[in-house]
Asker: 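Before I ask anything, let me first share the structure, which is written out below as C-alpha coordinates.
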Amino acid sequence: MNVERDVPLARLTTIGTGGPAAALARPRSLAELGDALRFAQNEGLDVVVVGLGSNLLAADEGVDALVIRLEGELGGVEVEGTSLRAGGGATNAVCLHRARDAGLGGFEFACAIPGTAGGGVKMNAGAYERDWSDVLERALVVSADGSAWRTEAELDLSYRHSGLAAGEVVAQVEFRLEPRPTDEIKRTVADLVARRKSTQPTNKRTFGSVFKNPPGEIGAGRMLEECGLKRHRIGGATISPMHANFIENADRATSADCVALMNEARRRAREQFGVELEREVAFVGPLELEYQA
Ligand SMILES: Cc1cc2nc3c(=O)[nH]c(=O)nc-3n(C[C@H](O)[C@H](O)[C@H](O)COP(=O)(O)OP(=O)(O)OC[C@H]3O[C@@H](n4cnc5c(N)ncnc54)[C@H](O)[C@@H]3O)c2cc1C
(Lines give C-alpha, C1' and ligand atoms only; values in the text may rest on other atoms or scores of the structure.)
Protein backbone atom coordinates (compact mmCIF):
# COMPACT_ATOMS: atom_id res chain seq x y z
CA MET A 1 0.00 0.00 0.00
CA ASN A 2 1.30 3.41 -1.01
CA VAL A 3 1.37 6.07 1.70
CA GLU A 4 1.98 9.70 0.75
CA ARG A 5 3.58 12.01 3.29
CA ASP A 6 2.90 15.68 4.09
CA VAL A 7 0.19 16.22 1.48
CA PRO A 8 -1.49 19.60 2.20
CA LEU A 9 -5.13 19.13 3.15
CA ALA A 10 -5.82 22.41 1.36
CA ARG A 11 -5.76 20.24 -1.78
CA LEU A 12 -8.44 17.92 -0.40
CA THR A 13 -10.95 20.45 0.95
CA THR A 14 -13.39 22.63 -0.97
CA ILE A 15 -12.55 25.71 1.15
CA GLY A 16 -8.90 25.22 0.13
CA THR A 17 -7.29 25.57 3.56
CA GLY A 18 -5.45 23.14 5.84
CA GLY A 19 -1.87 22.02 6.50
CA PRO A 20 -0.20 18.68 5.78
CA ALA A 21 -1.48 15.24 6.73
CA ALA A 22 1.18 13.09 8.44
CA ALA A 23 0.16 10.31 6.04
CA LEU A 24 -2.37 9.90 3.24
CA ALA A 25 -3.63 6.60 1.81
CA ARG A 26 -5.98 6.15 -1.14
CA PRO A 27 -7.30 2.58 -0.79
CA ARG A 28 -9.06 1.26 -3.92
CA SER A 29 -10.58 -1.91 -2.43
CA LEU A 30 -11.72 -3.33 0.91
CA ALA A 31 -8.45 -5.27 1.15
CA GLU A 32 -6.42 -2.07 0.69
CA LEU A 33 -8.62 -0.27 3.22
CA GLY A 34 -7.79 -3.07 5.70
CA ASP A 35 -4.07 -2.55 4.97
CA ALA A 36 -4.41 1.20 5.57
CA LEU A 37 -6.17 0.69 8.91
CA ARG A 38 -3.52 -1.80 10.04
CA PHE A 39 -0.81 0.67 9.00
CA ALA A 40 -2.43 3.39 11.14
CA GLN A 41 -2.67 1.01 14.09
CA ASN A 42 0.99 -0.03 13.78
CA GLU A 43 2.14 3.59 13.50
CA GLY A 44 -0.11 4.72 16.37
CA LEU A 45 -1.92 7.18 14.07
CA ASP A 46 -5.54 8.28 14.33
CA VAL A 47 -7.64 7.72 11.20
CA VAL A 48 -9.46 10.56 9.46
CA VAL A 49 -11.58 9.92 6.35
CA VAL A 50 -11.88 12.68 3.79
CA GLY A 51 -14.59 12.50 1.13
CA LEU A 52 -14.75 15.55 -1.10
CA GLY A 53 -13.74 17.67 1.90
CA SER A 54 -16.92 19.66 1.32
CA ASN A 55 -17.82 20.11 4.99
CA LEU A 56 -14.37 19.98 6.45
CA LEU A 57 -12.01 22.48 8.05
CA ALA A 58 -8.47 21.19 8.68
CA ALA A 59 -5.94 22.85 10.99
CA ASP A 60 -3.31 25.08 9.36
CA GLU A 61 -0.53 23.31 11.26
CA GLY A 62 -1.64 20.01 9.76
CA VAL A 63 -3.03 16.77 11.09
CA ASP A 64 -1.11 14.07 12.91
CA ALA A 65 -3.20 11.24 11.48
CA LEU A 66 -3.57 8.85 8.59
CA VAL A 67 -5.96 10.56 6.20
CA ILE A 68 -7.90 8.08 4.05
CA ARG A 69 -9.54 8.86 0.71
CA LEU A 70 -11.60 6.09 -0.81
CA GLU A 71 -10.96 5.57 -4.51
CA GLY A 72 -11.18 2.86 -7.20
CA GLU A 73 -13.93 0.34 -6.47
CA LEU A 74 -14.58 2.15 -3.18
CA GLY A 75 -15.67 5.10 -5.35
CA GLY A 76 -17.78 3.07 -7.79
CA VAL A 77 -21.55 2.77 -8.17
CA GLU A 78 -23.72 -0.21 -9.20
CA VAL A 79 -27.47 -0.49 -9.67
CA GLU A 80 -29.41 -3.68 -8.97
CA GLY A 81 -33.19 -3.50 -9.22
CA THR A 82 -34.21 -0.49 -7.12
CA SER A 83 -31.07 -0.65 -5.02
CA LEU A 84 -28.07 1.59 -5.67
CA ARG A 85 -24.84 0.35 -4.13
CA ALA A 86 -22.12 3.01 -3.92
CA GLY A 87 -18.57 2.92 -2.64
CA GLY A 88 -18.15 5.22 0.35
CA GLY A 89 -16.02 7.50 -1.84
CA ALA A 90 -18.52 7.69 -4.74
CA THR A 91 -19.57 11.28 -5.37
CA ASN A 92 -23.19 12.26 -4.97
CA ALA A 93 -23.11 13.53 -8.56
CA VAL A 94 -22.15 10.08 -9.91
CA CYS A 95 -24.75 8.37 -7.66
CA LEU A 96 -27.42 10.72 -8.95
CA HIS A 97 -26.44 10.24 -12.62
CA ARG A 98 -26.47 6.46 -12.25
CA ALA A 99 -29.84 6.55 -10.49
CA ARG A 100 -31.29 8.86 -13.15
CA ASP A 101 -29.99 6.70 -16.01
CA ALA A 102 -31.53 3.64 -14.35
CA GLY A 103 -34.86 5.45 -13.92
CA LEU A 104 -34.60 5.50 -10.12
CA GLY A 105 -35.80 8.48 -8.12
CA GLY A 106 -35.45 9.57 -4.51
CA PHE A 107 -31.90 10.89 -4.56
CA GLU A 108 -32.68 14.16 -6.40
CA PHE A 109 -32.44 16.17 -3.17
CA ALA A 110 -28.68 15.50 -3.14
CA CYS A 111 -28.09 17.25 -6.47
CA ALA A 112 -26.63 20.35 -4.81
CA ILE A 113 -24.70 18.56 -2.07
CA PRO A 114 -21.12 18.23 -3.32
CA GLY A 115 -19.99 15.28 -1.19
CA THR A 116 -19.63 11.51 -1.24
CA ALA A 117 -21.96 8.67 -0.28
CA GLY A 118 -19.87 7.93 2.85
CA GLY A 119 -19.53 11.57 3.87
CA GLY A 120 -23.30 11.86 3.50
CA VAL A 121 -23.79 9.01 5.98
CA LYS A 122 -21.43 10.58 8.52
CA MET A 123 -23.17 13.98 8.25
CA ASN A 124 -26.66 12.64 7.49
CA ALA A 125 -26.54 15.21 4.70
CA GLY A 126 -29.79 16.64 3.46
CA ALA A 127 -31.69 19.35 1.67
CA TYR A 128 -35.27 20.21 0.75
CA GLU A 129 -36.80 18.28 3.68
CA ARG A 130 -34.99 15.04 2.85
CA ASP A 131 -31.76 13.52 4.06
CA TRP A 132 -29.69 10.33 3.85
CA SER A 133 -31.90 8.61 6.43
CA ASP A 134 -34.81 8.73 3.94
CA VAL A 135 -32.98 6.70 1.29
CA LEU A 136 -30.35 4.73 3.18
CA GLU A 137 -30.87 0.96 3.46
CA ARG A 138 -27.55 0.09 5.14
CA ALA A 139 -23.86 0.97 5.17
CA LEU A 140 -20.73 -1.15 5.50
CA VAL A 141 -18.69 0.30 8.36
CA VAL A 142 -15.03 -0.73 8.59
CA SER A 143 -12.63 -0.02 11.44
CA ALA A 144 -9.49 -1.51 12.97
CA ASP A 145 -11.83 -3.86 14.88
CA GLY A 146 -13.47 -5.36 11.77
CA SER A 147 -16.39 -4.62 9.49
CA ALA A 148 -20.18 -4.87 9.69
CA TRP A 149 -23.25 -3.71 7.80
CA ARG A 150 -25.35 -1.25 9.81
CA THR A 151 -28.94 -0.38 9.04
CA GLU A 152 -30.15 3.18 8.91
CA ALA A 153 -31.55 2.77 12.45
CA GLU A 154 -28.27 1.36 13.76
CA LEU A 155 -26.41 4.34 12.32
CA ASP A 156 -28.44 6.60 14.63
CA LEU A 157 -29.05 9.32 12.05
CA SER A 158 -30.65 12.63 12.96
CA TYR A 159 -30.32 16.24 11.76
CA ARG A 160 -26.71 16.46 10.44
CA HIS A 161 -25.67 13.75 12.88
CA SER A 162 -24.74 10.07 12.86
CA GLY A 163 -23.57 7.76 15.58
CA LEU A 164 -20.37 6.87 13.68
CA ALA A 165 -17.32 7.00 15.94
CA ALA A 166 -13.90 8.43 15.09
CA GLY A 167 -11.90 5.96 13.01
CA GLU A 168 -14.99 4.24 11.55
CA VAL A 169 -15.00 4.28 7.76
CA VAL A 170 -18.14 3.98 5.63
CA ALA A 171 -16.81 1.81 2.82
CA GLN A 172 -20.08 1.00 1.01
CA VAL A 173 -23.58 2.42 1.04
CA GLU A 174 -26.84 0.87 -0.15
CA PHE A 175 -29.62 3.25 -1.07
CA ARG A 176 -33.20 2.10 -1.63
CA LEU A 177 -34.73 4.13 -4.44
CA GLU A 178 -37.96 3.92 -6.39
CA PRO A 179 -38.79 3.80 -10.10
CA ARG A 180 -39.27 7.27 -11.57
CA PRO A 181 -39.22 8.44 -15.19
CA THR A 182 -35.86 9.95 -16.18
CA ASP A 183 -37.49 13.12 -17.53
CA GLU A 184 -39.18 13.79 -14.20
CA ILE A 185 -35.89 13.31 -12.36
CA LYS A 186 -34.18 15.75 -14.74
CA ARG A 187 -36.91 18.36 -14.23
CA THR A 188 -36.74 18.09 -10.43
CA VAL A 189 -32.95 18.36 -10.46
CA ALA A 190 -33.00 21.41 -12.77
CA ASP A 191 -35.53 23.08 -10.48
CA LEU A 192 -33.55 22.36 -7.30
CA VAL A 193 -30.26 23.50 -8.84
CA ALA A 194 -31.86 26.78 -9.97
CA ARG A 195 -33.27 27.32 -6.46
CA ARG A 196 -29.86 26.67 -4.99
CA LYS A 197 -28.04 29.06 -7.32
CA SER A 198 -30.42 31.86 -6.43
CA THR A 199 -29.85 31.56 -2.66
CA GLN A 200 -26.35 30.21 -2.00
CA PRO A 201 -22.81 30.83 -3.27
CA THR A 202 -22.23 27.89 -5.63
CA ASN A 203 -19.18 29.23 -7.48
CA LYS A 204 -16.99 30.16 -4.48
CA ARG A 205 -14.65 28.16 -2.28
CA THR A 206 -16.74 27.31 0.81
CA PHE A 207 -17.41 24.31 3.06
CA GLY A 208 -21.19 24.59 2.91
CA SER A 209 -23.17 25.43 6.02
CA VAL A 210 -21.02 26.68 8.88
CA PHE A 211 -23.60 26.14 11.64
CA LYS A 212 -26.58 23.86 12.13
CA ASN A 213 -29.94 25.59 12.17
CA PRO A 214 -30.90 26.11 15.81
CA PRO A 215 -34.32 24.93 17.00
CA GLY A 216 -37.00 27.54 16.32
CA GLU A 217 -38.28 29.59 13.44
CA ILE A 218 -35.17 31.43 12.40
CA GLY A 219 -32.30 29.64 10.65
CA ALA A 220 -28.60 30.27 11.26
CA GLY A 221 -28.21 32.17 7.97
CA ARG A 222 -31.05 34.62 8.72
CA MET A 223 -29.80 35.08 12.26
CA LEU A 224 -26.27 35.96 11.15
CA GLU A 225 -27.61 38.23 8.43
CA GLU A 226 -29.63 40.11 11.06
CA CYS A 227 -26.42 40.42 13.11
CA GLY A 228 -25.05 42.40 10.14
CA LEU A 229 -22.42 39.80 9.33
CA LYS A 230 -22.75 39.49 5.54
CA ARG A 231 -19.39 40.53 3.98
CA HIS A 232 -17.69 40.55 7.41
CA ARG A 233 -14.06 39.67 6.74
CA ILE A 234 -11.17 38.36 8.83
CA GLY A 235 -7.87 37.80 7.01
CA GLY A 236 -8.69 36.10 3.72
CA ALA A 237 -12.08 34.70 4.81
CA THR A 238 -15.41 36.47 4.32
CA ILE A 239 -18.96 35.74 5.37
CA SER A 240 -20.76 35.29 2.08
CA PRO A 241 -22.66 38.33 0.82
CA MET A 242 -25.21 35.87 -0.59
CA HIS A 243 -25.88 33.67 2.46
CA ALA A 244 -24.56 34.47 5.94
CA ASN A 245 -24.20 30.79 6.95
CA PHE A 246 -21.41 30.36 4.40
CA ILE A 247 -17.76 31.41 4.71
CA GLU A 248 -15.90 32.08 1.46
CA ASN A 249 -12.18 31.78 0.89
CA ALA A 250 -11.88 35.24 -0.66
CA ASP A 251 -8.10 35.50 -0.86
CA ARG A 252 -5.62 32.98 0.56
CA ALA A 253 -7.71 32.38 3.67
CA THR A 254 -6.40 30.18 6.45
CA SER A 255 -8.41 27.84 8.64
CA ALA A 256 -7.56 30.20 11.54
CA ASP A 257 -9.32 33.02 9.64
CA CYS A 258 -12.41 30.80 9.27
CA VAL A 259 -12.38 29.87 12.97
CA ALA A 260 -12.03 33.56 13.93
CA LEU A 261 -15.09 34.35 11.79
CA MET A 262 -17.00 31.48 13.40
CA ASN A 263 -16.12 32.78 16.88
CA GLU A 264 -17.30 36.26 15.95
CA ALA A 265 -20.53 34.89 14.43
CA ARG A 266 -21.28 32.84 17.54
CA ARG A 267 -20.52 35.80 19.82
CA ARG A 268 -22.96 38.03 17.93
CA ALA A 269 -25.71 35.37 17.75
CA ARG A 270 -25.34 34.81 21.50
CA GLU A 271 -25.57 38.56 22.20
CA GLN A 272 -28.43 39.35 19.83
CA PHE A 273 -30.51 36.17 19.96
CA GLY A 274 -29.33 34.38 23.12
CA VAL A 275 -28.58 31.36 20.93
CA GLU A 276 -25.49 29.17 21.08
CA LEU A 277 -24.83 28.17 17.47
CA GLU A 278 -23.49 24.66 17.01
CA ARG A 279 -21.06 24.08 14.18
CA GLU A 280 -22.04 21.81 11.29
CA VAL A 281 -18.60 21.78 9.64
CA ALA A 282 -16.31 18.93 10.78
CA PHE A 283 -12.99 19.97 12.35
CA VAL A 284 -9.84 17.97 11.66
CA GLY A 285 -6.69 18.45 13.74
CA PRO A 286 -6.17 20.90 16.61
CA LEU A 287 -9.00 23.37 15.93
CA GLU A 288 -11.36 24.66 18.57
CA LEU A 289 -14.05 27.28 18.95
CA GLU A 290 -13.57 29.82 21.71
CA TYR A 291 -16.65 29.26 23.79
CA GLN A 292 -18.63 26.09 24.30
CA ALA A 293 -21.83 26.24 26.30
C1 LIG B 1 -21.51 24.57 -1.90
C2 LIG B 1 -21.86 23.55 -0.84
C3 LIG B 1 -23.19 23.24 -0.59
C4 LIG B 1 -23.53 22.32 0.39
N5 LIG B 1 -24.85 22.03 0.61
C6 LIG B 1 -25.19 21.12 1.54
C7 LIG B 1 -26.57 20.78 1.76
O8 LIG B 1 -27.48 21.29 1.13
N9 LIG B 1 -26.85 19.86 2.71
C10 LIG B 1 -25.88 19.26 3.45
O11 LIG B 1 -26.19 18.41 4.29
N12 LIG B 1 -24.57 19.55 3.26
C13 LIG B 1 -24.20 20.46 2.33
N14 LIG B 1 -22.88 20.76 2.13
C15 LIG B 1 -21.86 20.14 3.00
C16 LIG B 1 -21.29 18.82 2.45
O17 LIG B 1 -21.37 18.78 1.05
C18 LIG B 1 -21.98 17.62 3.08
O19 LIG B 1 -21.88 17.60 4.47
C20 LIG B 1 -21.40 16.31 2.51
O21 LIG B 1 -22.20 15.23 2.88
C22 LIG B 1 -19.97 16.06 3.00
O23 LIG B 1 -19.49 14.96 2.26
P24 LIG B 1 -17.95 14.77 1.97
O25 LIG B 1 -17.80 13.46 1.35
O26 LIG B 1 -17.40 15.94 1.23
O27 LIG B 1 -17.37 14.72 3.45
P28 LIG B 1 -16.14 15.54 4.02
O29 LIG B 1 -16.47 17.00 4.00
O30 LIG B 1 -14.90 15.10 3.38
O31 LIG B 1 -16.16 15.04 5.54
C32 LIG B 1 -17.21 15.43 6.40
C33 LIG B 1 -17.19 14.47 7.61
O34 LIG B 1 -17.51 13.16 7.17
C35 LIG B 1 -16.45 12.25 7.46
N36 LIG B 1 -16.38 11.31 6.34
C37 LIG B 1 -16.24 11.59 5.02
N38 LIG B 1 -16.27 10.45 4.31
C39 LIG B 1 -16.43 9.45 5.20
C40 LIG B 1 -16.52 8.02 5.07
N41 LIG B 1 -16.46 7.39 3.91
N42 LIG B 1 -16.65 7.30 6.21
C43 LIG B 1 -16.73 7.90 7.44
N44 LIG B 1 -16.65 9.24 7.61
C45 LIG B 1 -16.50 9.99 6.50
C46 LIG B 1 -15.21 13.13 7.62
O47 LIG B 1 -14.23 12.52 8.41
C48 LIG B 1 -15.82 14.36 8.28
O49 LIG B 1 -16.03 14.13 9.65
C50 LIG B 1 -22.51 21.69 1.16
C51 LIG B 1 -21.17 22.00 0.89
C52 LIG B 1 -20.83 22.93 -0.09
C53 LIG B 1 -19.38 23.22 -0.35
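Residue numbers start at 1 and run along the sequence shown. Only heavy atoms go into these numbers, but all of them, side chains included; no hydrogens, no water, no symmetry mates. Note that ligands are numbered from 1 as they come in the structure, with each ligand's atoms numbered from 1 the same way.
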Asker: Identify all N/O pairs between ligand 1 and the protein with a separation under 3.5 Å and present them as a table of atom names and distances.
Answerer:
from, atom 1, to, atom 2, distance (Å)
ligand 1, 5 (N), R196, NH1, 3.1
ligand 1, 8 (O), R196, NH1, 3.3
ligand 1, 8 (O), R196, NH2, 2.7
ligand 1, 9 (N), G126, O, 2.7
ligand 1, 11 (O), G126, N, 3.0
ligand 1, 11 (O), G126, O, 3.4
ligand 1, 11 (O), R160, NE, 3.2
ligand 1, 17 (O), S54, OG, 2.8
ligand 1, 25 (O), L52, N, 3.2
ligand 1, 25 (O), T116, N, 3.0
ligand 1, 25 (O), T116, OG1, 2.6
ligand 1, 26 (O), L52, N, 3.1
ligand 1, 26 (O), G53, N, 3.3
ligand 1, 26 (O), S54, N, 3.0
ligand 1, 26 (O), S54, OG, 2.6
ligand 1, 29 (O), S54, N, 2.9
ligand 1, 29 (O), N55, N, 2.7
ligand 1, 30 (O), G51, N, 2.7
ligand 1, 30 (O), G53, N, 2.8
ligand 1, 38 (N), G119, N, 3.4
ligand 1, 41 (N), V170, O, 3.1
ligand 1, 42 (N), V170, N, 2.8
ligand 1, 47 (O), V49, O, 2.6

Asker: Check for a donor-acceptor pair, side chain of Y159 on one end and backbone N or O of N213 on the other, with a separation under 3.5 Å.
Answerer: yes
Asker: Do V173 and V170 come within less than 4.5 Å of each other through their side chains, counting heavy atoms only?
Answerer: yes
Asker: Is any side-chain heavy atom of L37 less than 4.5 Å from a side-chain heavy atom of I68?
Answerer: yes
Asker: Does NZ or CZ of R279 come closer than 6.0 Å to the centre of the six-membered ring of F283, within 45° of the ring's axis?
Answerer: yes
Asker: Quick one: does any side-chain atom of N124 pair with a main-chain N or O of S162 as donor and acceptor, under 3.5 Å?
Answerer: no
Asker: Should the ring pair F175 and F107 be called parallel, tilted or perpendicular, given that the plane angle runs from 0 to 90° and is split at 30 and 60?
Answerer: tilted
